[in-house]
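Below is one structure, written out as structure tokens; the observations come after it.
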Amino acid sequence: MQKIAKLALADGSVFTGTAFGAKGEVHGEVVFNTSMTGYQEILTDPSYCGQIVTMTYPQIGNYGIVPEDVESGGIALQGFIVRELCEIPSNYRATQTLDEYLKAAGIIGLQGIDTRALVRKIRTHGAMTGVLSTEDLDDESLVKKAQSSPELAGQDLVSQVIPKAAREWKESLHPLALSSSTHALSGNNLTSLAESDYVAENSYHIVALDYGMKLNIPRHLTQLGCKVTILPGNCSAQDVLDLNPDGVFLSNGPGDPEPLTYAIETIRSLLGKVPIFGICLGHQLLGLACGCKTFKLKFGHRGANQPVVNHDTGQVEITSQNHGFAIDPESMPDDIEVTHINMNDNTVAGLRHKTQPAFSVQYHPEASAGPHDSHYLFRQFYESINQARVSSGSSQ
């Protein structure tokens with residue numbers, strides 16, 4: 001017998017469906033993701049910490065769960081909502097069903113609601129706090145809980161997902177990922193980057209600051225031939241510099257960037273001392289460290305189909321995105337320039353420092369799972385390190 005579960009929103013709306021995964025009750029910011037595939041990568045993306053994620057694609061779970069495809073050590077999101085759960089997956093790589101996976105992880109799932117109505121409400125009124133429960137099924141009680149639950153803005157969610165200690169990263173891309181399209185920047189064109197084009201092993205040392213990093217990011221850096229050391233995102237600039245890095249990577253992560261004053265100060269202290277490349281939250285933190293301001297988007301960008309135009313090449317990239325905050329273009333100081341724009345709403349999707357080797361994008365170039373249009377950015381980061389070494393007279 002299927003168990004009833006309910007989602008209540010702070011605006012008084014209640015959606016009733018059936019439960020899967022774990023039992024219990026959670027609160028979080030209710031958001032939606034428009035990806036047609038990649039639900040496992042979404043579940044294991046630490047950037048969803050504090051959120052209840054709704055998938056717009058109607059059937060989820062049809063290819064099960066594959067251990068090699070996880071993007072972190074666990075699931076950070078609060079709850080998972082789908083229109084229809086596939087209970088019998090078909091995939092030779094799968095080891096368990098989505099239901100079994102969520103149950104083992106203690107994550108509540110909700111299926112059978114009108115996800116189209118829920119998404120339209122979020123698009124119209126904005127992302128809002130909600131309560132997902134299999135225990136309390138009283139509508140009035142759940143709405144009151146949703147209205148009294150804390151909002152995501154202003155919280156430091158990074159502290160909940162950062163690693164406890166530094167570690168060396170050795171793993172490169174999976175053979176299936178290598179068989180996909182990978183790109184490098186060549187003049188004004190995106191051209192194929194063959195495996196033989198990667199640089200020699202351990203040619204440069206990259207320190208990756210982990211604010212809730214997806215694991216396919218260090219895989220890309222290692223695939224370039226770089227030595228990769230991962231540090232917790234709350235480390236100091238001196239912690240980074242003590243490792244004598246050739247470049248610093250700023251990872252993705254959850255929530256509002258402005259409360260992360262420790263990270264902003266670290267990045268500000270590293271500017272001009274080492275080339276920097278940031279993505280998603282790392283992009284926002286780099287902007288704040290350079291004097292920009294951020295603002296909360298109405299419902300955010302979450303999906304694998306976000307069109308971005310690259311001002312350097314004039315080309316459009318289809319990108320994977322997951323964020324609820326953006327850089328305010330009116331706040332940019334004179335030494336910062338926009339490099340990419342989101343074509344759906346003209347928000348800033350990339351920036352670059354005019355005098356220091358530092359750049360960032362508001363999306364996921366590692367793109368696990370897909371698309372792969374933006375893989376070239378990792379090569380661009382490598383080339384910025386090489387140029388910095390040449391300029392300093394210490395080229396390899």
Side-chain angles (χ1 to χ4, degrees), residues 2-65 74-87 89 97-137 139 142-143 145-146 149 151-152 254 298-305 321-322 324:
Q2 290 183 315
K3 184 174 180 61
I4 298 297
K6 290 192 175 187
L7 171 72
L9 301 178
D11 73 345
S13 304
V14 178
F15 295 82
T16 302
T18 58
F20 67 99
K23 299 176 182 178
E25 183 174 297
V26 293
H27 70 269
E29 182 182 63
V30 183
V31 299
F32 63 88
N33 187 297
T34 58
S35 298
M36 296 174 67
T37 62
Y39 56 82
Q40 184 174 335
E41 289 84 350
I42 291 166
L43 285 167
T44 56
D45 181 353
S47 297
Y48 283 110
C49 179
Q51 295 179 321
I52 298 170
V53 179
T54 305
M55 300 300 294
T56 62
Y57 190 71
Q59 187 182 70
I60 299 296
N62 54 308
Y63 53 84
I65 298 296
I75 301 179
L77 56 73
Q78 296 293 91
F80 197 53
I81 300 173
V82 302
R83 178 67 183 91
E84 178 186 355
L85 172 71
C86 178
E87 299 181 357
T97 67
L98 175 57
D99 180 33
E100 293 168 340
Y101 185 60
L102 293 188
K103 191 173 296 182
I107 302 299
I108 304 171
L110 171 65
Q111 69 160 326
I113 71 166
D114 187 345
T115 51
R116 293 174 300 178
L118 174 58
V119 170
R120 289 188 67 174
K121 179 175 289 291
I122 295 171
R123 283 184 59 88
T124 301
H125 301 289
M128 64 186 81
T129 305
V131 171
L132 178 59
S133 181
T134 65
E135 306 298 335
D136 183 356
L137 301 180
D139 290 4
L142 288 174
V143 169
K145 290 178 182 177
S149 296
E151 294 186 354
L152 183 144
K298 185 176 182 180
F299 49 80
H301 303 147
R302 297 175 182 89
N305 50 7
Q321 300 195 13
N322 172 21

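We number each residue from 1, following the sequence as shown.
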For the residue pair [X] and [Y], establish whether any side-chain heavy-atom pair is separated by less than 4.5 Å.
{"X": "Thr37", "Y": "Tyr63", "answer": "yes"}
{"X": "Leu102", "Y": "Phe80", "answer": "yes"}
{"X": "Thr16", "Y": "Ile113", "answer": "no"}
{"X": "Leu85", "Y": "Leu98", "answer": "yes"}
{"X": "Tyr101", "Y": "Ile75", "answer": "yes"}
{"X": "Gln59", "Y": "Met36", "answer": "no"}
{"X": "Leu77", "Y": "Ile107", "answer": "yes"}
{"X": "Thr44", "Y": "Tyr39", "answer": "no"}

Could you pull out the closest heavy-atom pair between [X] and [Y], with the gap in Å?
{"X": "Pro89", "Y": "Gly61", "answer": "CB-O, 3.5 Å"}
{"X": "Ile52", "Y": "Gly130", "answer": "CD1-O, 3.8 Å"}
{"X": "Gly300", "Y": "Arg302", "answer": "CA-NH1, 3.6 Å"}
{"X": "Ala146", "Y": "Thr129", "answer": "O-CG2, 3.6 Å"}
{"X": "Ala10", "Y": "Met128", "answer": "N-SD, 4.3 Å"}
{"X": "Ala8", "Y": "Leu142", "answer": "CB-CB, 3.5 Å"}

Quiz item: Quick check: are there more than 12 heavy atoms from other residues, nucleotides or ligands sitting under 6.0 Å from NZ of Lys298?
Solution: yes

Practice problem: Report, as yes or no, whether the 6.0 Å neighbourhood of atom CD on Glu135 holds more than 12 heavy atoms from other residues, nucleotides or ligands. | Solution: yes

At what distance, to the nearest 0.5 angstrom, does [atom1] of [X] lie from [atom2] of [Y]?
{"X": "Glu84", "Y": "Tyr57", "atom1": "CD", "atom2": "OH", "answer": "10.5 Å"}
{"X": "Thr54", "Y": "Arg116", "atom1": "OG1", "atom2": "CZ", "answer": "14.0 Å"}
{"X": "His27", "Y": "Leu132", "atom1": "NE2", "atom2": "CG", "answer": "12.0 Å"}

Practice problem: Evaluate the side-chain contact (heavy atoms from CB on, under 4.5 Å) criterion for residues Phe15 and Leu9: first the C-alpha distance (whole Å), next the side-chain angles of each, then the deciding distance (0.1 Å), finally the verdict. | Solution: CA-CA 9 Å; Phe15 295 82; Leu9 301 178; 4.0 Å; yes

Quiz item: So does Asp11 pair up with Lys121, basic N to acidic O under 4.0 Å?
Solution: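 A salt bridge links Asp11 with Lys121.
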
Self-check item: Ion pair Lys6/Asp136, N-O distance below 4.0 Å
Solution: no

Main-chain N/O of [Y] paired with [X] side-chain donor or acceptor, under 3.5 Å:
{"X": "Thr134", "Y": "Ala5", "answer": "no"}
{"X": "Ser35", "Y": "Ala304", "answer": "yes"}
{"X": "Asp99", "Y": "Gly21", "answer": "yes"}

Quiz item: Does a donor on one side chain and an acceptor on the other come within less than 3.5 Å for Thr18 and Lys3?
Solution: no

Quiz item: Of Ile81, Val131, Val14, Ile108, which is the lone residue that meets side-chain contact (heavy atoms from CB on, under 4.5 Å) with Leu7?
Solution: Ile81

Quiz item: In a check of side-chain contact (heavy atoms from CB on, under 4.5 Å) between Val119 and each of Thr124, Val30, Asn33, Thr56, which one passes?
Solution: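 The side-chain contact (heavy atoms from CB on, under 4.5 Å) with Val119 is passed solely by Thr56 among Thr124, Val30, Asn33, Thr56.
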
Exercise. List the steps and the verdict of side chain to side chain donor-acceptor pair (under 3.5 Å) for Asp45 and Ser47.
Key: CA-CA 5 Å; Asp45 181 353; Ser47 297; 3.1 Å; yes

Quiz prompt | side-chain contact (heavy atoms from CB on, under 4.5 Å) assessment of Arg83 paired with Met55 | solution = CA-CA 8 Å; Arg83 178 67 183 91; Met55 300 300 294; over 6 Å; no

Practice problem: Start with the C-alpha gap between Val31 and Phe299, add the side-chain angles, then the distance that decides, and say whether side-chain contact (heavy atoms from CB on, under 4.5 Å) holds. | Solution: CA-CA 7 Å; Val31 299; Phe299 49 80; over 6 Å; no

Exercise. List the steps, then state whether side-chain contact (heavy atoms from CB on, under 4.5 Å) holds for Tyr48 with Gln78.
Key: CA-CA 8 Å; Tyr48 283 110; Gln78 296 293 91; over 6 Å; no

Exercise. Would you sort out whether Thr34 and Asn305 count as a side chain to side chain donor-acceptor pair (under 3.5 Å), showing the intermediate values?
Key: CA-CA 8 Å; Thr34 58; Asn305 50 7; 3.0 Å; yes

